[in-house]
Amino acid sequence: MGEWNSGVLIVSTRSLVAQSIVSLLEGNPDISSVHVLGSLPEALCYASVNLPVAVVLDLPGGADGLVERPLRIGNHEIRTIILREEDGNTRLYIHNPSQAANLANLLAAILPEVKRET
């Protein structure tokens with residue numbers, strides 16, 4: 001089993017979305033690394049060796065219901081943030097609460113000490 005780190009995994013097949021999130025997170029001093037993977041199985045495999053603080057899932061519509069939240073590796077719970085479009089608005093789902101998808105809320109989901117916006 002891997003060691004905890006303050007890294008973040010981005011799971012997305014949409015390179016523009018993934019690279020946008022990477023560029024927003026890379027400069028944060030509280031995040032040690034940001035990695036992009038194309039599928040949930042790849043992310044789980046990677047996380048079993050390099051336990052991230054959070055996983056951001058950019059999933060196709062309807063697929064978020066197939067993901068158990070939060071993700072777990074062994075006995076370790078990983079913050080799981082799901083990006084989802086609903087009624088034309090992109091929302092963040094952290095466990096079940098829905099928040100507007102913006103940088104402040106994304107950082108708050110990854111680093112809980114950051115204040116959330118609604």
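Values in this document were obtained by computation on a predicted structure and should not be read as measured data. By convention here, the first residue in the shown sequence is residue 1.
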- Message: The test is side-chain contact (heavy atoms from CB on, under 4.5 Å); show your working for Leu57 and Ile81 and say whether it passes.
- Response: CA-CA 6 Å; Leu57 301 171; Ile81 299 104; over 6 Å; no

- Ile78 and Arg72: CA distance, side-chain angles, deciding distance, side-chain contact (heavy atoms from CB on, under 4.5 Å) verdict: CA-CA 6 Å; Ile78 300 170; Arg72 294 181 185 279; over 6 Å; no

- Item | Point-to-point distance, once rounded to the nearest 0.5 Å, from NE2 of His76 to OG of Ser48 | 11.0 Å

- Item | Point-to-point distance, once rounded to the nearest 0.5 Å, from CG of Asn50 to NE2 of His35 | 6.5 Å

- Query: Between Arg79 and Val55, is any pair of side-chain heavy atoms under 4.5 Å apart?
  - Reply: no

- Note on the structure: In short, Ser32 meets Gly7 closest at the heavy-atom pair OG-N, 3.4 Å

- Task: Please answer whether the main-chain N or O of Ser15 pairs with a side-chain N or O of Gln19 as donor and acceptor at a distance below 3.5 Å.
- Result: no

- Task: Give the minimum heavy-atom separation between Ala47 and Leu9, together with the two atoms involved.
- Result: CB-CD1, 4.1 Å

- Rounded distance (nearest 0.5 Å) linking atom CD1 of Ile10 with atom CG of Asp58: 9.0 Å

- Message: Run the side-chain contact (heavy atoms from CB on, under 4.5 Å) test on Val11 and Val56 for me, step by step, so that the C-alpha distance in whole Å, both residues' side-chain angles and the decisive distance to 0.1 Å come before the verdict.
- Response: CA-CA 6 Å; Val11 179; Val56 179; over 6 Å; no

- Message: Can you tell me how far apart CZ (Arg14) and CD1 (Ile21) are? Round to the nearest 0.5 Å.
- Response: 8.5 Å

- Message: How long is the straight-line distance from CD1 of Ile73 back to OH of Tyr46, given to the nearest 0.5 Å?
- Response: 12.5 Å

- Query: If you take all heavy atoms of Ser12 and Val36, which pair is closest and at what distance?
  - Reply: O-CG1, 4.5 Å

